[in-house]
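Basis for what follows: all heavy atoms, side chains included, without hydrogens, waters or symmetry-related copies. We count residues from 1, following the sequence as given.
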Amino acid sequence: MKPKFYHPLQRFLHWLMALLIPALFGLGLWMTGLDYYSQWYKSAPDLHKSLGVLLAIMLVLRWFALFWFGKPAGQGARLQQKLAALVHGLLYGLLTLILLTGYLISTEDGRPISVFAWFELPAAGKLFENQADLAGAAHYWLAWTLIGLVVLHIAGAIKHHSIDKDDTLNRMTGRQRPSIKSGD
Ligand code: HEM
């Protein structure tokens, strides 16, 4: 049987990632414009990489949680449910590719990624020609695509909540409220 709500671990990871992703996007855009003499020139990319590795760990945990706990049944018209499933799949897929391309950019030179000096993620080194440049371009455009889809995703969540008045958003916040539609 499908659960009524997303599991607390799924909800926790969803909202933590919903904060972290725009922060990483903003940080990424800002740090690429820094000049060599800025005091953030080295620390901003270090922070971006450390947070990116933490995001990758959260993503893997989230896949396991999805596999383990499942998800509540979709609400709304069939086509709308299909569109939501497609957007969710794309969000997961884009995130995976963004994290992979980020890894390829920063490990081309063979240096591991130090995550807040807690631990190191080993480098795979140079795997193909122009690795950092190609992965960098992909990383940039995939990130913009992700942000576009996130906007669509948020609009969908707001529509469910405010127009359809169903429980889609409550299942992700864990807030139990009587269905406004059925009036019970
Ligand atoms: C960077 C930001 C975000 C990302 C990457 C993201 C990603 C996702 C993904 C992948 C799912 C599918 C979960 C699953 O089935 O495993 C999901 C579900 C959901 N998200 Fe987000 N989300 C973000 C921000 C938000 C925000 C800001 C809201 C609210 C305004 C929101 C509302 C929801 C809701 C209501 C669901 C459940 C949808 C359903 O069960 O049909 N999300 N999100």
Problem set entry | Point-to-point distance, once rounded to the nearest 0.5 Å, from CH2 of W141 to CD1 of I98 | 13.0 Å
Problem set entry | Sub-4.5 Å side-chain heavy-atom contact between S50 and V115 | yes
For this session: Taking S38 for its side chain and D35 for its backbone only, find out whether a donor-acceptor pair lies under 3.5 Å.
Result: no
For this session: Decide yes or no on side chain to side chain contact (heavy atoms under 4.5 Å, CB included) for L66 and Q10, but give the supporting numbers first.
Result: CA-CA 7 Å; L66 184 60; Q10 289 171 302; 4.0 Å; yes
Exercise. What's the spacing between Y140 OH and T145 OG1 if we round to 0.5 Å?
Worked result: 10.5 Å
Exercise. Does some side-chain heavy atom of F5 sit less than 4.5 Å from a side-chain heavy atom of M172?
Worked result: no
Exercise. Rounded to the nearest 0.5 Å, how far does OG of S43 lie from NE2 of H48?
Worked result: 13.5 Å
Seminar exercise, completed: In this structure, CG of L91 is separated from NE2 of H14 (nearest 0.5 Å) by 8.5 Å
Problem set entry | Side chains of T168 and Q75, donor plus acceptor under 3.5 Å | yes
Seminar exercise, completed: Nearest heavy-atom contact between A56 and L99 is CA-CD1, 3.7 Å
Exercise. How many angstroms lie between atom CG of D164 and atom CG of L169, to the nearest 0.5 angstrom?
Worked result: 12.0 Å
Exercise. Side chains of P45 and M31: does their closest heavy-atom pair fall under 4.5 Å?
Worked result: yes
For this session: Flag the pair L20 / M58 as yes when at least one side-chain heavy-atom distance between them is below 4.5 Å, and no otherwise.
Result: yes
Exercise. So with a 6.0 Å cut-off around CZ of F128, is the heavy-atom count from everything else above 12?
Worked result: yes
For this session: Return yes when atom NZ of K42 has more than 12 non-hydrogen atoms of other residues, nucleotides or ligands closer than 6.0 Å, and no otherwise.
Result: no
Exercise. Heavy-atom count around F25 CZ within 6.0 Å, excluding the residue itself: above 12?
Worked result: yes
Problem set entry | side chain to side chain contact (heavy atoms under 4.5 Å, CB included) between W68 and H7, intermediate numbers included | CA-CA 10 Å; W68 199 255; H7 187 272; over 6 Å; no
For this session: Would you sort out whether Y6 and F69 count as a side chain to side chain contact (heavy atoms under 4.5 Å, CB included), showing the intermediate values?
Result: CA-CA 8 Å; Y6 280 93; F69 304 114; over 6 Å; no
Problem set entry | Side chain to side chain, L51 and F116, heavy atoms closer than 4.5 Å | yes
Exercise. Crowded around W144 CH2? As in, over 12 foreign heavy atoms under 6.0 Å?
Worked result: no
Exercise. Regarding D167 and N170, is there a side-chain donor-to-acceptor distance under 3.5 Å anywhere?
Worked result: yes
Exercise. Hey, are the side chains of L55 and L59 touching, using non-hydrogen atoms and a 4.5 Å cut-off?
Worked result: no
Exercise. Could you go step by step and tell me if L152 and L149 meet the side chain to side chain contact (heavy atoms under 4.5 Å, CB included) rule?
Worked result: CA-CA 5 Å; L152 186 67; L149 267 182; 4.0 Å; yes
Exercise. Roughly how far, to the nearest 0.5 Å, is the CG atom of L134 from the NE2 atom of H139?
Worked result: 14.0 Å
